[in-house]
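In what follows, a single structure is set out as structure tokens and then discussed.
As the structure lists them, so they are numbered: ligands from 1, and atoms in each ligand from 1.
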Amino acid sequence: MSETVLALENVTAGYGQTHVLRELSLSISRGERLAVIGRNGAGKTTMLATIMGLTRLHSGRITLAGTDISRHSPHRRSMLGLGLVPQTRDIFPSLTVEENLTVVMRGDASLEEAYALFPRLKERRRNGGTQLSGGEQQMLSIARTLMTEPGIVLLDEPLEGLAPVICEQLMHAFEQLAADGRRTVMLVEQHASAALAFATRAVVITNGTIVYDGSATALRQQPELLERHIGVGRTTN
Ligand SMILES: Nc1ncnc2c1ncn2[C@@H]1O[C@H](COP(=O)(O)OP(=O)(O)OP(=O)(O)O)[C@@H](O)[C@H]1O
Ligand SMILES: [Mg+2]
């Protein structure tokens with residue numbers, strides 16, 4: 001049995017009084033590559049935000065390597081090794097690429113490692129955040145999260161709106177991040193094919209609950225299965 005690194009147990013969470021996630025349970029092993037699939041508004045971002053402590057947890061709990069972190073601040077969760085690359089790619093536009101990285105850098109994190117992963121960022125290191133293309137901004141957003149040395153990387157639709165060639169480069173970078181089980185990677189993607197090619201395990205979220213949890217290959221080889229699981233919530237809700 002592999003070691004559980006992150007677990008959501010019967011989590012009901014949302015914004016204010018609203019419930020978005022409903023009794024959601026998910027247990028992730030160290031070094032796992034997990035794809036999270038679901039339509040717009042299914043609750044994917046809310047799940048990542050809940051793991052980071054950015055939503056209201058109504059009931060249930062979240063554990064990190066066995067420790068209950070349900071009441072920990074987002075900063076404390078980050079210090080414990082959770083790293084979110086937000087869907088909004090919120091880099092600092094007024095800082096250069098290099099400043100964006102050094103300002104959040106921690107411990108043994110190295111600029112060279114980030115630049116090795118994304119050579120393009122090294123070329124652009126003196127450029128301001130606003131001078132970057134969408135793909136470069138996404139690379140910077142990912143590199144910035146890596147500066148906090150996360151053992152668990154949560155990627156929220158990193159391919160959204162980017163050209164196929166850039167998506168390929170990003171997927172290659174994710175392969176490197178996850179290589180040798182060094183990091184646990186949770187990849188949220190609406191466009192399933194790339195995510196399922198990367199992941200070993202996949203979950204499908206519909207209306208704040210998990211309707212499929214199993215092999216990524218099975219979903220990839222049977223698109224009708226994916227359609228069925230995404231379709232289930234639409235007909236029942
Ligand atoms: N800050 C917020 N305050 C209130 N409701 C919110 C907030 N953010 C999201 N929601 C609601 O929560 C539900 C789930 O949204 P969420 O952003 O988690 O979906 P998603 O699966 O990430 O969708 P997408 O693929 O479009 O990013 C939606 O009904 C949305 O309107
Ligand atoms: Mg989202």
Side-chain angles (χ1 to χ4, degrees), residues 6 8-26 28 33-60 62 70 73-75 77-78 82-91 134-135 137-142 144-145 150 152-164 166-167 170-171 174 185-199 201-213 216 219-220 223 225-237:
L6 176 67
L8 286 77
E9 300 172 12
N10 291 314
V11 164
T12 294
Y15 308 93
Q17 292 309 308
T18 314
H19 292 184
V20 175
L21 304 182
R22 300 156 206 273
E23 301 268 316
L24 187 147
S25 294
L26 179 65
I28 301 158
R33 301 156 164 234
L34 180 75
V36 179
I37 316 285
R39 290 187 197 278
N40 285 122
K44 304 180 300 295
T45 295
T46 304
M47 183 172 81
L48 299 189
T50 299
I51 293 169
M52 293 307 296
L54 298 166
T55 64
R56 184 179 293 190
L57 184 67
H58 292 286
S59 60
I62 300 169
S70 307
S73 67
H75 176 70
R77 295 181 201 212
S78 157
L82 283 168
L84 172 67
V85 180
Q87 194 166 3
T88 44
R89 299 172 195 161
D90 32 6
I91 56 172
Q137 287 183 27
Q138 186 60 274
M139 290 172 190
L140 180 55
S141 181
I142 296 162
R144 226 168 62 118
T145 297
I152 304 177
V153 184
L154 312 174
L155 296 155
D156 197 352
E157 301 208 37
L159 309 182
E160 200 177 16
L162 299 177
I166 304 292
C167 293
L170 291 174
M171 290 310 303
F174 303 153
V185 178
M186 198 191 287
L187 174 60
V188 167
E189 261 304 327
Q190 236 189 98
H191 304 289
S193 57
L196 293 177
F198 164 80
R201 177 181 166 202
V203 299
V204 180
I205 299 189
T206 300
N207 275 314
T209 54
I210 292 177
V211 293
Y212 175 90
D213 183 349
L219 269 195
R220 197 165 151 226
L225 192 63
L226 185 60
E227 186 51 42
R228 175 151 59 88
H229 282 293
I230 288 181
V232 164
R234 285 203 302 174
T235 53
T236 56
N237 231 300

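- In terms of protein heavy atoms, atom 17 (O) of ligand 1 is closest to T45 CB, 3.6 Å.
- Listed by number with element, the atoms of ligand 1 under 4.0 Å from a non-hydrogen atom of N40 are 23 (O), 24 (P), 25 (O), 26 (O).
- Remark: minimum distance from atom 18 (O) of ligand 1 to any protein heavy atom is reached at T46 OG1, 2.5 Å.
- Atom numbering of ligand 1 starts at 1 in the shown order; those under 4.0 Å from a heavy atom of R39 are 21 (O).
- Between the side chain of S78 and the main chain of P74, no donor-acceptor pair closer than 3.5 Å is present.
- For ligand 1 and E157, the ligand atoms under 4.0 Å from any heavy atom of the residue are 24 (P), 25 (O), 27 (O).
- Shortest contact from atom 9 (C) of ligand 1 to any protein heavy atom: Y15 CE1, 3.5 Å.
- For atom 31 (O) of ligand 1, no protein heavy-atom neighbour is present inside the 4.0 Å cut-off.
- Distance check for T45 against the Mg ion (ligand 2): an N/O/S atom falls below 2.8 Å.
- For the pair G38 and ligand 1, no heavy-atom separation below 4.0 Å is found.
- Side-chain N or O atoms of R33 include one that pairs as donor or acceptor with a backbone N or O of F198 at under 3.5 Å.
- Remark: the backbone N or O of T206 is not paired with any side-chain donor or acceptor of R39 at under 3.5 angstrom.
- Taking CD1 from I152 and CE from M52, the interatomic distance works out to 10.0 Å, rounded to the nearest 0.5 Å.
- Contacts of Q87 with ligand 1, taken as heavy-atom pairs under 4.0 Å, involve the side chain alone.
- For Q87 and E160, the side-chain atoms include at least one donor-acceptor pair closer than 3.5 Å.
- Counting only heavy atoms from C-beta outward, the side chains of I166 and L159 never approach each other to under 4.5 Å.
- In terms of modelled atom types and a separation under 3.5 Å, the side chain of T145 and the main chain of L84 share a donor-acceptor contact.
- Each of the following atoms of ligand 1 lies closer than 4.0 Å to a heavy atom of V20: 12 (O), 13 (C), 14 (C).
- Under a 4.0 Å heavy-atom criterion, M47 is not in contact with ligand 1.
- The Mg ion (ligand 2) has no N, O or S atom of T46 under 2.8 Å away, backbone or side chain.
- Checking atom 4 (C) of ligand 1 against the protein gives a heavy-atom contact under 4.0 Å.
- To the nearest 0.5 Å, atom CZ of residue F174 and atom CG of residue L187 are 6.0 Å apart.
- Checking side-chain atoms of R77 against main-chain N and O of S70 turns up a donor-acceptor pair under 3.5 Å.
- Closest to atom 23 (O) of ligand 1 among all protein heavy atoms lies G41 N, 2.8 Å.
- Look at D156 and K44 and you find no salt bridge, because none of the NZ, NE, NH1 or NH2 atoms lies under 4.0 Å from a carboxylate O.
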